[in-house]
Engineer: 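Structure below; questions to follow.
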Amino acid sequence: MEMDSPTHPFKSDLIEIAIGSYGIKSVVDVGGCFGVNGGYTFHAQEHGVERATILDGRLTELTRERARAYPGLTLKTMALADREAVAALPGVDAAFIYDVLLHQVDP
């Protein structure tokens with residue numbers, strides 16, 4: 001079973017502030033599946049982001065299922081350390097990189 005935690009209100013607020021302050025229309029959410037299943041990207045799209053990419057080494061089934069409701073969303077499965085794959089991503093106005101390091105290390 002996939003973990004499905006709610007998005008953190010502080011992080012969602014930061015997204016809204018950035019969209020409003022900088023006119024962000026495109027984003028990439030790096031590692032956006034773990035725990036929240038794309039929740040921050042979906043929140044951004046509900047607040048004016050037109051084009052988004054969720055980039056993760058493992059796209060969850062819940063993310064895939066929910067993504068169907070967002071036509072401006074692209075899902076990419078790739079290792080975050082794959083420089084060629086990352087370089088091939090389209091340019092964006094902003095990137096979300098919430099908690100990536102937290103889940104990539106073994107304390």
Side-chain angles (χ1 to χ4, degrees):
M1 181 171 182
E2 296 172 349
M3 185 168 64
D4 192 29
S5 302
T7 56
H8 191 286
F10 177 76
K11 293 174 185 178
S12 296
D13 289 348
L14 285 176
I15 290 169
E16 290 178 43
I17 291 167
I19 291 168
S21 297
Y22 301 103
I24 292 170
K25 295 295 181 190
S26 60
V27 299
V28 62
D29 189 351
V30 179
C33 289
F34 184 82
V36 295
N37 300 294
Y40 294 110
T41 300
F42 304 139
H43 182 81
Q45 290 207 276
E46 291 162 5
H47 286 85
V49 166
E50 298 168 0
R51 185 174 51 89
T53 300
I54 295 175
L55 164 65
D56 207 303
R58 182 183 163 279
L59 292 170
T60 63
E61 201 52 46
L62 282 172
T63 301
R64 292 177 192 277
E65 185 178 304
R66 292 172 181 164
R68 292 184 190 113
Y70 298 87
L73 177 60
T74 302
L75 302 176
K76 295 274 188 184
T77 303
M78 65 174 63
L80 303 180
D82 185 341
R83 291 181 186 202
E84 290 179 18
V86 172
L89 290 170
V92 294
D93 297 328
F96 307 150
I97 311 174
Y98 288 141
D99 301 325
V100 169
L101 183 58
L102 178 67
H103 305 294
Q104 297 296 318
V105 297
D106 185 8

Engineer: Which pair of heavy atoms, one from I54 and one from G38, lies closest together, and at what distance?
Structural biologist: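 Heavy atoms only, the tightest pair is CD1-CA, 3.7 Å.
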
Engineer: Is there side-chain contact between P90 and R51, with at least one heavy-atom pair below 4.5 Å?
Structural biologist: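 Yes; the side chains approach each other to less than 4.5 Å.
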
Engineer: So do L14 and Y98 actually touch side chain to side chain, heavy atoms under 4.5 Å?
Structural biologist: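 Side-chain contact under 4.5 Å: yes.
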
Engineer: Which atom pair, heavy atoms only, marks the closest approach of R64 to L59?
Structural biologist: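 Taking every non-hydrogen atom into account, NH2-CB, 3.6 Å.
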
Engineer: Closer than 3.5 angstrom, by distance alone: can the side chain of N37 be matched with the main-chain N or O of L62 as a donor-acceptor pair?
Structural biologist: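 No, because the side chain of N37 does not come within donor-acceptor range (under 3.5 Å) of the backbone of L62.
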
Engineer: For H43, is there any backbone N or O sitting under 3.5 Å from a side-chain donor or acceptor partner on H47?
Structural biologist: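 Here the side-chain-to-backbone pair exists.
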
Engineer: Check the hydrophobic clustering (I, L, V, M, F, W, Y; side-chain heavy atoms under 4.5 Å; chains of links allowed) and say if Y40 and Y22 are grouped together.
Structural biologist: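 Yes.
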
Engineer: Can you check whether L89 reaches K76 side chain to side chain, under 4.5 Å on heavy atoms?
Structural biologist: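 The answer is yes; the side chains approach within 4.5 Å.
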
Engineer: Quick one: does V92's side chain get under 4.5 Å of T53's, heavy atoms only?
Structural biologist: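 In short, these two side chains do not touch, never coming nearer than 4.5 Å.
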
Engineer: For the hydrophobic clusters of this structure (ILVMFWY residues joined by side-chain heavy atoms under 4.5 Å, transitively), does one cluster hold both V27 and I15?
Structural biologist: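 The answer is yes; both residues are in one hydrophobic cluster.
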
Engineer: Can I19 be reached from F96 by stepping across I, L, V, M, F, W or Y side chains whose heavy atoms are under 4.5 Å apart?
Structural biologist: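 Yes, it is one cluster - the side chains of F96 and I19 are joined through contacts under 4.5 Å.
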
Engineer: Same cluster for V30 and M78 if Ile/Leu/Val/Met/Phe/Trp/Tyr side chains link at under 4.5 Å?
Structural biologist: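 Cluster IDs for V30 and M78 match.
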
Engineer: Quick check: closest heavy atoms across P6 and V36, and the distance to 0.1 Å?
Structural biologist: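 Heavy-atom minimum between the residues: O-CG1, 4.1 Å.
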
Engineer: Quick one: pull up CZ in R66 and CG in L75 and give me the separation to the nearest 0.5 Å.
Structural biologist: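 It is 12.5 Å, given to the nearest 0.5 Å.
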
Engineer: Checking the side chain of D56 only, and the main-chain atoms of T77 only, is there a donor and an acceptor separated by less than 3.5 Å?
Structural biologist: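 Side chain of D56 to backbone of T77: no pair is present.
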
Engineer: Can I17 be reached from F42 by stepping across I, L, V, M, F, W or Y side chains whose heavy atoms are under 4.5 Å apart?
Structural biologist: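 As far as the 4.5 Å side-chain criterion goes, I17 and F42 are not connected within one cluster.
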
Engineer: Measuring from atom CG of L73 to atom CD of Q45, what distance do you get when rounded to the nearest 0.5 angstrom?
Structural biologist: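 If we round to the nearest 0.5 Å, L73:CG and Q45:CD are 5.0 Å apart.
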
Engineer: Between G91 and S26, what is the shortest heavy-atom contact and its length?
Structural biologist: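 Where G91 meets S26 most closely, the heavy atoms are O-OG, 4.3 Å.
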
Engineer: I need the E16 CD to K11 NZ distance, nearest 0.5 Å.
Structural biologist: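 That separation rounds to 15.0 Å.
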
Engineer: Within a strict 4.5 Å, meaning less than it, do heavy atoms of the F34 and R58 side chains meet?
Structural biologist: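 In short, these two side chains do not touch, never coming nearer than 4.5 Å.
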
Engineer: List the atom of A94, the atom of I24, and the distance in Å for their closest heavy-atom pair.
Structural biologist: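 Answer, listing the atom of A94 first, then I24: CB-CD1, 3.6 Å.
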
